[in-house]
Participant: 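My structure is below; once you've seen it, I'll send some questions.
Order of appearance sets the numbers: ligands from 1, and atoms from 1 within every ligand. By convention here, the first residue in the shown sequence is residue 1.
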Amino acid sequence: MKKTVICPGSFDPVTLGHLDIIKRSANMFDHVIVGVLVNSSKTPCFSIDERIGFLKEVTQDIPNVEVVSFDGLLAQYCKERNVDAIVKGLRAVSDFEYEFQMAITNKKLNPQLETIFLMANSESMYLSSSMVREVASMGGDISNFVPKCIHDRIVNRISNLRNH
Ligand code: COA
């Protein structure tokens with residue numbers, strides 16, 4: 001039976017760490033949905049259309065990846081789309097407690113739904129979108145943190161925000 005998984009997140013913006021998890025998921029499962037949360041408690045730097053546009057661009061060569069936005073409960077969205085499992089990257093140990101809490105809650109809300117954790121690769125261990133935004137906003141080099149094809153747009157966008 002075909003297996004569908006979802007890589008959910010705010011992707012504000014997508015980093016090489018996210019892309020690593022998406023690619024590894026695409027190698028393991030038939031269909032990978034990259035789900036961008038619309039209404040997060042965080043105020044995003046990039047609009048939902050920008051975040052989706054970046055993700056579509058960096059995954060365009062991976063045929064079994066679909067990029068969507070979703071609103072509301074992830075467990076409910078997974079039910080509607082017949083998703084078998086949530087795939088998340090685990091970086092430092094500090095991720096664990098929060099991820100464990102989310103995995104248990106999602107399982108209570110949708111008992112069919114599994115959560116699978118992939119260990120982040122060593123380059124992404126300490127990477128996060130807010131770190132990328134902070135380094136870029138101070139004029140630092142983010143070329144090791146974000147996909148090459150969207151690098152300049154992220155830098156321009158963040159420096160525009162800084163200058164206005
Ligand atoms: N590489 C690099 N960075 C990564 C990463 C990876 N593999 N995985 C996560 N991150 C970073 C993100 O960049 C983000 O960094 P930031 O805080 O600096 O912006 C941080 O880890 C947290 O990730 P984020 O995607 O913002 O959110 P989350 O992991 O807390 O969860 C959802 C996102 C969408 C899964 C969650 O909010 C959700 O399910 N929301 C829907 C509502 C719901 O169902 N709530 C009940 C949940 S139990």
Participant: With atoms numbered from 1 as shown, which atoms in ligand 1 lie under 4.0 angstrom from a non-hydrogen atom of Lys42?
Facilitator: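 In order of number, 16 (P), 17 (O), 19 (O), 22 (C), 24 (P), 26 (O).
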Participant: Under the side-chain contact (heavy atoms from CB on, under 4.5 Å) criterion, do Phe11 and Val34 qualify, and how do the steps go?
Facilitator: CA-CA 10 Å; Phe11 304 102; Val34 178; 3.7 Å; yes
Participant: Within the 4.0 Å heavy-atom shell around Tyr98, which atoms of ligand 1 are there?
Facilitator: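 This gives 30 (O) as the contact atoms.
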Participant: Any side-chain to backbone donor/acceptor pair from Asp71 onto Val38? Under 3.5 Å, distance only.
Facilitator: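 No, because the side chain of Asp71 does not come within donor-acceptor range (under 3.5 Å) of the backbone of Val38.
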Participant: Checking a contact table here: which protein heavy atom is nearest atom 12 (C) of ligand 1, and how many Å away?
Facilitator: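 Of every protein heavy atom, His18 NE2, 3.6 Å lies nearest to atom 12 (C) of ligand 1.
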Participant: For Thr15, counting its heavy atoms only, list the atoms of ligand 1 lying under 4.0 Å from any of them.
Facilitator: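 Counting atoms of ligand 1 from 1, those under 4.0 Å from Thr15 are 1 (N), 2 (C).
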Participant: Is Arg153 salt-bridged to Glu57, cutoff N-O under 4.0 Å?
Facilitator: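 Between Glu57 and Arg153 there is a salt bridge, with a charged N closer than 4.0 Å to a carboxylate O.
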Participant: Have a look at Gln101, Met102, Arg24 and point out the one with the heavy atom closest to atom 36 (C) of ligand 1.
Facilitator: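 It is Met102 that holds the nearest heavy atom.
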Participant: With heavy atoms only and a cut-off of under 4.0 Å, state how Leu73 meets ligand 1: side chain, backbone, both or neither.
Facilitator: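 Contact part for Leu73 vs ligand 1: both backbone and side chain.
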Participant: Pick, from Ser10, Gly17, Gly9, the option with the minimum heavy-atom distance to atom 24 (P) of ligand 1.
Facilitator: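 The option holding the nearest heavy atom is Ser10.
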Participant: Please identify each residue that fulfils salt bridge (charged side-chain N to carboxylate O under 4.0 Å, His left out) with Asp30, with sequence neighbours left out.
Facilitator: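 Residues passing salt bridge (charged side-chain N to carboxylate O under 4.0 Å, His left out) with Asp30: none at all.
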Participant: What's the shortest distance from atom 29 (O) of ligand 1 to any protein heavy atom, and which residue and atom give it?
Facilitator: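 For atom 29 (O) of ligand 1, the nearest protein heavy atom is Lys88 NZ, 2.6 Å.
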Participant: Keeping Asn156 on the side-chain end and Asp152 on the backbone end, is there a donor-acceptor pair under 3.5 Å?
Facilitator: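 Here the side-chain-to-backbone pair exists.
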Participant: Go through Asp95 and Phe117 one step at a time and tell me if the side-chain contact (heavy atoms from CB on, under 4.5 Å) criterion holds.
Facilitator: CA-CA 11 Å; Asp95 276 351; Phe117 294 107; over 6 Å; no
Participant: For ligand 1, which atoms have a heavy atom of Pro8 less than 4.0 angstrom away?
Facilitator: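 Answer, ordered by atom number: 35 (C).
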Participant: Does atom 32 (C) of ligand 1 have any protein heavy atom closer than 4.0 Å?
Facilitator: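 Within 4.0 Å: no protein heavy atom nearby.
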Participant: Around atom CD of Glu97, are there more than 12 heavy atoms of other residues, nucleotides or ligands at under 6.0 Å?
Facilitator: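 For Glu97, atom CD is not crowded (no more than 12 foreign heavy atoms under 6.0 Å).
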Participant: Considering only heavy atoms, does Leu74 approach ligand 1 within less than 4.0 Å through its side chain, its backbone, both, or neither?
Facilitator: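 Both backbone and side chain.
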Participant: Any idea which atoms of ligand 1 are less than 4.0 Å away from a heavy-atom of Ser128?
Facilitator: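 Answer, ordered by atom number: 3 (N), 13 (O), 15 (O), 18 (O).
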Participant: Identify whether the distance between the nearest side-chain nitrogen and carboxylate oxygen of Lys2 and Asp84 falls below 4.0 Å.
Facilitator: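 No, no charged N to carboxylate O under 4.0 Å.
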Participant: So, does Tyr77 sit close enough to ligand 1 that a heavy atom of it is under 4.0 Å from the ligand?
Facilitator: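 The answer is no, since Tyr77 has no heavy atom less than 4.0 Å from ligand 1.
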Participant: Mark the output for Leu127 as yes if a heavy-atom distance to ligand 1 is under 4.0 Å, and as no if none is.
Facilitator: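 Contact present.
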Participant: Listed by chain and number, what are the side-chain hydrogen bond (donor to acceptor under 3.5 Å, both in side chains) partners of Asp49, not counting sequence neighbours?
Facilitator: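 Expected list: none.
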Participant: Given that the side chain starts at C-beta and the backbone is N, CA, C, O, which of these parts of Ala120 lies under 4.0 Å from ligand 1, counting heavy atoms, or is it both or neither?
Facilitator: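 Under 4.0 Å from ligand 1, Ala120 contributes no heavy atoms.
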Participant: Between the side chain of Arg91 and the main-chain N/O of Leu127, is any donor-acceptor distance below 3.5 Å?
Facilitator: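 A pair under 3.5 Å: yes.
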Participant: Is the side chain of Ser128 donor-acceptor paired with the backbone N or O of Met131 at a distance under 3.5 Å, no angle test?
Facilitator: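 Answer holds: yes.
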Participant: Has Arg91 got any heavy atom lying under 4.0 angstrom from an atom of ligand 1?
Facilitator: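 It does; at least one heavy atom falls under 4.0 Å.
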Participant: Tell me whether Gln76 contacts the main-chain N or O of Leu73 through its side chain, where contact means a donor paired with an acceptor under 3.5 Å.
Facilitator: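 Absent.
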Participant: May I ask you to decide whether Arg81 forms a salt bridge with Glu66, counting only side-chain N to carboxylate O separations under 4.0 Å?
Facilitator: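 Counted as a salt bridge, because a side-chain N and a carboxylate O are separated by less than 4.0 Å.
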Participant: Suppose I only count heavy atoms of Leu37 and a 4.0 Å limit; which atoms of ligand 1 are within that range?
Facilitator: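 The list of qualifying atoms is 34 (C), 37 (O), 40 (N), 41 (C).
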Participant: In terms of atom number and element, which parts of ligand 1 are under 4.0 angstrom from non-hydrogen atoms of Thr105?
Facilitator: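 Those atoms are 48 (S).
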Participant: Is there a polar contact between ligand 1 and Asn106, counting only N or O atoms under 3.5 Å apart?
Facilitator: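 No.
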Participant: Which atoms from ligand 1 have a heavy atom of Ile21 less than 4.0 Å away?
Facilitator: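 The list of qualifying atoms is 7 (N).
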Participant: Any idea which of Gly72, Ser130, Ser129 brings a heavy atom closest to atom 13 (O) of ligand 1?
Facilitator: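 The option holding the nearest heavy atom is Ser129.
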